[in-house]
Amino acid sequence: QVQVVESGGGLVQPGGSLRLSCTASKIILKGLSMGWYRQAPGKQRDVVATITSDGSTNYANSVKGRFTISRENAKSTVYLHMDNLKPEDTAVYYCKMRERLGHKDYDYWGQGTQVTVSS
């Protein structure tokens, strides 16, 4: 079983910056997509950003121009750098990693980290 550890959450002021990181307990040799998701109280879980094994990225419209997703395959790590944070960014953020083993794909989820944007 692969363990996924997230870090970097916390309390920040509007307009501030924060970087989230997520690392798997082992090196993922055939990594596929990685992504960040978030869920605010009373709302559904939404995708924030994804990145493929080739480095292609996609962002939710609400975070375009403010958030940047990146990955280090050798370290099985995915990052989310967040700039110009807004109160509506407040949520629990989850990371997901997908690994191909044989003919099957497996998803590994982190436990979530709280991000609160408030003055």
Side-chain angles (χ1 to χ4, degrees):
Q1 188 80 352
V2 176
Q3 296 179 353
V4 177
V5 180
E6 298 166 307
S7 63
L11 174 64
V12 297
Q13 296 180 353
S17 298
L18 202 63
R19 188 181 77 162
L20 306 181
S21 64
C22 181
T23 301
S25 60
K26 73 176 184 68
I27 297 176
I28 299 177
L29 299 179
K30 293 184 177 181
L32 300 177
S33 64
M34 298 181 179
W36 287 93
Y37 302 75
R38 68 185 182 187
Q39 186 170 18
K43 292 204 164 189
Q44 67 179 5
R45 186 183 65 186
D46 294 322
V47 62
V48 176
T50 60
I51 182 168
T52 69
S53 60
D54 293 329
S56 179
T57 59
N58 285 292
Y59 296 91
N61 289 332
S62 59
V63 306
K64 284 182 178 178
R66 299 189 298 119
F67 291 10
T68 302
I69 187 171
S70 61
R71 62 189 289 169
E72 294 186 67
N73 292 334
K75 297 181 179 180
S76 298
T77 299
V78 59
Y79 304 94
L80 184 68
H81 186 90
M82 304 180 289
D83 289 323
N84 192 24
L85 284 162
K86 305 176 184 298
E88 52 263 41
D89 294 320
T90 297
V92 177
Y93 284 70
Y94 302 88
C95 69
K96 184 185 75 175
M97 301 182 183
R98 176 165 288 184
E99 179 183 26
R100 176 156 292 171
L101 297 175
H103 299 296
K104 295 287 293 183
D105 296 337
Y106 297 86
D107 289 336
Y108 309 127
W109 287 89
Q111 77 284 355
T113 184
Q114 178 71 47
V115 172
T116 302
V117 185
S118 177
S119 60

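Quantities reported herein were computed from a predicted structural model and do not represent experimental measurements.
Linking Ile, Leu, Val, Met, Phe, Trp and Tyr whenever their side-chain heavy atoms come within less than 4.5 Å puts Val47 and Val92 in one cluster. There is no path of hydrophobic side-chain contacts, each under 4.5 Å, that joins Tyr37 to Val115. Val48 and Leu85 end up in the same hydrophobic cluster when Ile, Leu, Val, Met, Phe, Trp and Tyr side chains are linked at under 4.5 Å. Note: the hydrophobic cluster containing Val12 does not contain Tyr79 (ILVMFWY, side chain heavy atoms under 4.5 Å, direct or indirect links).
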Note to self: If you apply the rule side chain to side chain contact (heavy atoms under 4.5 Å, CB included), what do you find for Val4 with Cys95, and how did you get there?
What the structure shows: CA-CA 8 Å; Val4 177; Cys95 69; 3.5 Å; yes

Next item on the list: For the pair Lys104 and Tyr106, evaluate side chain to side chain contact (heavy atoms under 4.5 Å, CB included) and give the outcome as yes or no after the intermediate values.
Entry: CA-CA 7 Å; Lys104 295 287 293 183; Tyr106 297 86; 3.7 Å; yes

Notebook entry, point to check: Does the pair Thr90 and Gln114 meet the rule for a side chain to side chain contact (heavy atoms under 4.5 Å, CB included), with working shown?
Noted result: CA-CA 8 Å; Thr90 297; Gln114 178 71 47; 4.0 Å; yes

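The two residues Ala24 and Val2 have their closest heavy-atom pair at CB-CG1, 3.9 Å. Nearest heavy-atom pair, Leu80 versus Ala49, reported as atom, atom and distance to 0.1 Å: CD1-CB, 4.3 Å. For Ser119 against Pro14, the heavy-atom pair with the smallest separation is N-CD, 3.7 Å. Glu6 approaches Cys22 most closely through the heavy-atom pair CG-SG, 3.9 Å. Ile69 and Met34 make their closest contact through CD1-O, 4.1 Å (heavy atoms, listed as atom of the first residue, atom of the second, distance).
Among the candidates Asp89, Leu20, Val117, the single residue satisfying the side-chain contact (heavy atoms from CB on, under 4.5 Å) test with Met82 is Leu20.
Taking CZ from Arg38 and OH from Tyr93, the interatomic distance works out to 4.0 Å, rounded to the nearest 0.5 Å. Distance check, rounded to the nearest 0.5 Å: CG of Asn58 to NZ of Lys64 gives 8.0 Å. One distance of note links CG of Leu18 with OG1 of Thr113; it measures 8.0 Å at 0.5 Å rounding.
Arg98 contributes no side-chain N or O that, together with a main-chain N or O of Leu32, makes up a donor-acceptor pair within less than 3.5 Å. With hydrogens and angles ignored, the 3.5 Å screen pairs no side-chain donor or acceptor of Tyr59 with any backbone N or O of Arg66.
More than 12 non-hydrogen atoms from other residues, nucleotides or ligands lie less than 6.0 angstrom from CD of Glu88. Annotation: Gln111, atom CD; neighbour count of heavy atoms from other residues, nucleotides and ligands within 6.0 Å is above 12.
Side-chain contact annotation: Glu99 with Tyr108, donor-acceptor N/O pair under 3.5 Å present. The closest side-chain donor-acceptor pair between Thr23 and Thr77 falls under 3.5 angstrom.
Side-chain contact check for Gln44 versus Asp46: some heavy-atom pair is nearer than 4.5 Å.
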